[in-house]
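When reading the values below, keep in mind they use all heavy atoms of this one structure, side chains included, and skip hydrogens, waters and symmetry mates. Chain identifiers are assigned alphabetically (A, B, ...) following the order of the sequence lines, protein sequences preceding nucleic acid strands; residue numbering begins at 1 within each chain.
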Protein chains: 2
Amino acid sequence: MSKRHVSLKTLAQTLNVSISTVSRALRNHPDISAELTQKVQELAQELKYSPNPLAIGLLKDQSNTIGVIVPDLVTYFFSSIISGIESVANEHGYYIVIRCSYESAEKEKECLDNLLKLRVAGVIMCLAQETQDYSHFSNLIEEQVPLVFFDRVCRSEEVSTVVVNNQEAARQITRHFFESGYRRIAHIAGPAQLNITQERIQGYQQGLAECGLPFDDSLLVHCDLSIPSATEATQQLLALPSRPDAIFGVNDTTAFAAMKEIKRQGLRIPADIGLVGFTDEFHATVVEPTLTSVMHPTYEMGREAGLLFLKQINPQVEVAPQQTVLTTQLVVRESSVK
Amino acid sequence: MSKRHVSLKTLAQTLNVSISTVSRALRNHPDISAELTQKVQELAQELKYSPNPLAIGLLKDQSNTIGVIVPDLVTYFFSSIISGIESVANEHGYYIVIRCSYESAEKEKECLDNLLKLRVAGVIMCLAQETQDYSHFSNLIEEQVPLVFFDRVCRSEEVSTVVVNNQEAARQITRHFFESGYRRIAHIAGPAQLNITQERIQGYQQGLAECGLPFDDSLLVHCDLSIPSATEATQQLLALPSRPDAIFGVNDTTAFAAMKEIKRQGLRIPADIGLVGFTDEFHATVVEPTLTSVMHPTYEMGREAGLLFLKQINPQVEVAPQQTVLTTQLVVRESSVK
DNA sequence: AACCTTTGCGCAAAGGTTTGCGGAATTATC
DNA sequence: GATAATTCCGCAAACCTTTGCGCAAAGGTT
């Protein structure tokens, strides 16, 4: 096995001074003579000394790691958000420890417990879609452990959050469909309890109302964000006696699954069915027809979550939880213009 | 701020026994009476005691975290590998700390240094495409720090690695093109120094030879795996006096970019140009035409990397570096069959 | 020359955990 | 009833770092 790292003790013994002197010299403490300070720093560099974060963490009872919990590690949406978090963390000397809840409430709780046992400085997370009980966050909130939710949020009076303007985006999509001549506009929504689902449904309904279209609840179906589920939802819509002529998917993955199913049934996009997604990943420009989608600033969402987190980490003043709303932008492509 | 966690000291003071007794009781040490052991364990449970990993790490000079360095956090390829690593790590009580090298050799070195400063137990990584000098791994190798490379590897006599059968896969692709009637088969390869590039080129050339086709080096172009670069490579191929009738992309992203450019130039797939990718992400089934691709077992690659790592972490016997080769499978879809 | 200030460094405690060793109290042995 | 063996627990060191305090030597002031 490898021998231990070089420590202050190593430096101190080599130079025949005390550990505390070495510690001070490295931090340029005025108590230490310039001469000795230089000698210490040179030796430290030569021996590649680096302070042991475990010891520092132990002393201060906090580490320089941020726990990150996502429902899914694989999709572009989350990986690009993680990328944003990582970049901010990196810039500020933090490290991110990632765990995946696999959309399970139970696993989410387990991840949270584990990360806290690891003594992370706090947690940045997106709720699992299963999660309906939010009581496991009470401890964190009471003990003021830094906590940030992104995209799927809860208890936002007590916790800082980053979301996008879901309602407005959904409203724009609906109006865009209307303006393109679509009249029976369906929505494949996410799990009902999620804020993103609710807000997008509201925007959808608002858009319908503004366009003078009735809300037909057979045109509103839910899915669990998985591909099979999205496919099934699409089948359900296409099997309606009075078929929709446009579908708004809760995200791009859902829209891609819908696209696949629509084509499989021999229907044409956008002629027979208009289609719009949400996220605007690269593949939206590759599929045929290219997919109209709402540009979700995922990377920025990650960065913003990281920044909100850092605000809580060293509160100069008592900071109140802060709600950031990022704006999206509708990117119109072929799939929604007849 | 939050007060400190409950420690052995807390338990000891509450029960009026010594810290060492509490420590032993929790680990069921025979020196401690059954009665006291039970009392201690009950209190620990009640107070939700969990041992401080920082203290243990300090004592043993190792942590239960694994450093993971990837060139890119966002693409499916890496995020699904990370998912595999995370699942193995999780199963064995480890946590993964992720850093991104952004394909830069300098950043890669920086990530490595930072992770080592963090006192990770070891590192699982994929080389940045820029990296040509492999000397920064010498320290790790000498000091027997657990190290695993996946996909893009180096120094594989000294370091455990996980790769796929790149050469064979490329050979199969080439033969598949030939059997589908394509004769001028081009290859958009990755950066020349990468093992995956070299191996796939070898397989490509082997396949050509087996089919009795000449190797035309104007049909072999390189890209840096970015979308603009892949687009440019495609343009270069399509502009050749004697245009290729088939393109084998080094990965799916490259193939998608090529598909977009081929369509933009008004050429048809697979009639005018056959196309095959490498990775087989979900979107291969969504694009039109659906993309023939090599199924790369990314999640398994992550899991295998994790397992190789764990083998090194507590070497019962002196373990030699181990090379794992995973097998791929060609998935034929519309893009390569006339 | 006596006193005060400054300079430059070390001691020791704290944080949480593990573990070899020692020691008191109980039980077993003759 | 004395000695030996066992049972059960505490002391203290070690891992590494930071920091308040103390202290000696040097310099400065009257």
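Counting to the nearest Å, the P atom of C/dT18 and the CD1 atom of B/Ile32 are 13 Å from each other. For the pair B/His5 NE2 and C/dT17 P, the computed distance is 11 Å after rounding to whole Å. Straight-line distance from the CD atom of B/Gln62 to the C1' atom of D/dC15: 13 Å, rounded to whole Å. Between B/Leu59 atom CG and D/dC15 atom P there is a gap of 9 Å when expressed in whole angstrom units. We find that CG of A/Leu15 is positioned 17 Å from P of C/dG8, with the value rounded to whole Å. For the pair A/Leu26 CG and D/dT17 P, the computed distance is 9 Å after rounding to whole Å. Taking atom CG of B/Asp61 as the reference point, atom P of C/dT18 lies 16 Å away to the nearest angstrom. Separating the CD atom of B/Glu35 from the P atom of D/dC8 is a distance of 10 Å, rounded to the nearest angstrom.
A sub-4.0 Å separation between OP1 or OP2 of D/dT19 and a side-chain N or O of A/Arg27 is present. Here A/Arg4 reaches the OP1 or OP2 of D/dC16: one of its side-chain N or O atoms lies under 4.0 Å away. Between A/Arg24 and C/dC9 there is no side-chain N or O to OP1 or OP2 distance below 4.0 Å.
Heavy atoms of B/Ser23 sit under 4.0 angstrom from at least one base atom. Counting non-hydrogen atoms under 4.0 angstrom, B/Ser20 reaches a base of the nucleic acid.
Put simply, CG on A/Asn114 and NZ on A/Lys107 are 9.5 Å apart, with the number rounded to the nearest 0.5 Å. Once rounded to the nearest 0.5 Å, the distance linking NE2 of B/His92 with CD1 of B/Ile66 reads 9.5 Å. Here SG of B/Cys154 is found 5.0 Å from CZ of B/Phe137. Values are rounded to the nearest 0.5 Å.
Residues A/Ser138 and A/Arg155 bring a donor and an acceptor atom of their side chains to less than 3.5 Å of each other. Side-chain atoms of A/Thr324 and A/Glu304 include a donor-acceptor pair closer than 3.5 Å. Defined by atom type and a distance below 3.5 Å, a donor-acceptor pair is missing between the side-chain atoms of A/Gln45 and A/Gln41. For B/Arg152 and B/Asn195, the side-chain atoms include no donor-acceptor pair closer than 3.5 Å.
A stem is defined here as three or more consecutive Watson-Crick or G-U pairs, each with both distances under 3.5 Å; for DNA chain D these stems are C:1-30 with D:1-30.
With a 6.0 Å radius and a threshold of 12 heavy atoms from other residues, nucleotides or ligands, B/Glu91 has its CD atom above the threshold.
Where B/Ser18 and A/Lys9 each meet DNA chain D at their nearest nucleotide, the meeting point lying more 5' is that of B/Ser18. Residues B/Leu58 and B/Ile19 each lie close to DNA chain D; by heavy-atom proximity, the contact nearer the 5' end of the strand is made by B/Ile19.
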For residues 49-57 of chain B, which side-chain donor-acceptor pairs fall under 3.5 Å, sequence neighbours excluded?
{"unit_1": "B/Ser50", "atom_1": "OG", "unit_2": "A/Arg119", "atom_2": "NH1", "d": "3.0"}
{"unit_1": "B/Asn52", "atom_1": "OD1", "unit_2": "B/Leu54", "atom_2": "N", "d": "2.8"}

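Sorted by residue number, the members of residues 48-57 of chain A with any non-hydrogen atom under 4.0 Å from DNA chain C read A/Ala55.
For B/Asp31 and D/dC9, a side-chain-to-base donor-acceptor distance below 3.5 Å is present, hydrogens and geometry of angles not being considered.
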As a quick check of understanding, evaluate side-chain hydrogen bond (donor to acceptor under 3.5 Å, both in side chains) for A/Asp72 and A/Thr75, giving each step before the final call. CA-CA 7 Å; A/Asp72 174 300; A/Thr75 56; 3.3 Å; yes
